[in-house]
Amino acid sequence: MEGNEPKVIVNQEGFRTTPSVVAFTDKGERLVGDPAKRQAVTNSQRTVFSIKRFMGRRHNEVQSEKSWFHNKVLALAKVLSK
């Protein structure tokens with residue numbers, strides 16, 4: 001808030017919105033938003049996107065959506081056990 005008016009805070013890229021994308025570089029650096037979205041082109045296996053469509057749903061409930069993605073869609077239990 002600035003005074004009585006809400007103010008949108010811009011991100012590091014200078015934009016008012018941030019894409020829901022997270023990526024990890026080969027060096028382990030975490031990228032969020034537009035930098036992660038750009039990396040998806042060259043490093044798609046280490047980029048996470050469209051995750052919100054799966055939130056709150058069981059792995060067996062998203063079988064038809066899995067075909068939309070080139071990456072593996074794993075159950076959370078499998079991810080946590082690695």
Side-chain angles (χ1 to χ4, degrees):
M1 298 291 287
E2 263 188 24
N4 291 332
E5 297 293 318
K7 180 182 179 189
V8 176
I9 300 169
V10 297
N11 62 22
Q12 291 179 339
E13 299 278 314
F15 299 118
R16 297 167 52 104
T17 60
T18 301
S20 298
V21 181
V22 177
F24 300 91
T25 66
D26 294 333
K27 296 178 183 177
E29 180 185 5
R30 182 179 54 228
L31 305 173
V32 177
D34 288 301
K37 193 173 177 181
R38 285 192 295 274
Q39 180 186 270
V41 175
T42 58
N43 194 358
S44 63
Q45 294 300 312
R46 299 177 63 92
T47 304
V48 180
F49 59 94
S50 296
I51 194 68
K52 291 188 278 186
R53 73 180 67 248
F54 298 113
M55 291 173 65
R57 298 174 70 190
R58 297 195 189 299
H59 186 253
N60 62 354
E61 297 174 334
V62 297
Q63 297 307 308
S64 63
E65 288 92 340
K66 285 172 59 172
S67 65
W68 302 344
F69 298 93
H70 58 273
N71 291 357
K72 292 179 185 175
V73 177
L74 302 174
L76 182 58
K78 285 186 180 182
V79 174
L80 294 177
S81 68
K82 288 186 177 186

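All residue numbers refer to positions in the sequence shown, counting from 1.
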*Not counting sequence neighbours, which residues clear side chain to side chain donor-acceptor pair (under 3.5 Å) with E2? List them please.*
K7
*With sequence neighbours excluded, what pairs up with N4 under the side chain to side chain contact (heavy atoms under 4.5 Å, CB included) test?*
none
*side chain to side chain donor-acceptor pair (under 3.5 Å) partners of T17, counting only residues at least two apart*: none
*Answer yes or no: are there more than 12 heavy-atom neighbours, outside E13 itself, under 6.0 Å from its atom CD?*
yes
_Test side chain to side chain donor-acceptor pair (under 3.5 Å) applied to T18 - qualifying residues, sequence neighbours left out_ = N11
*Is it the case that one hydrophobic cluster holds both V10 and F15, taking links as side-chain heavy atoms less than 4.5 Å apart, direct or via other members?*
no
*Report yes or no: does R46 contribute a side-chain atom to a donor-acceptor pair with the main-chain N or O of A23 at less than 3.5 Å?*
no
Donor-acceptor pairs under 3.5 angstrom involving side-chain atoms of residues 28-42: please list them, not counting sequence neighbours.
residue : atom : partner : partner atom : Å
Q39     : NE2  : F24     : O            : 3.4
T42     : OG1  : Q39     : O            : 3.3

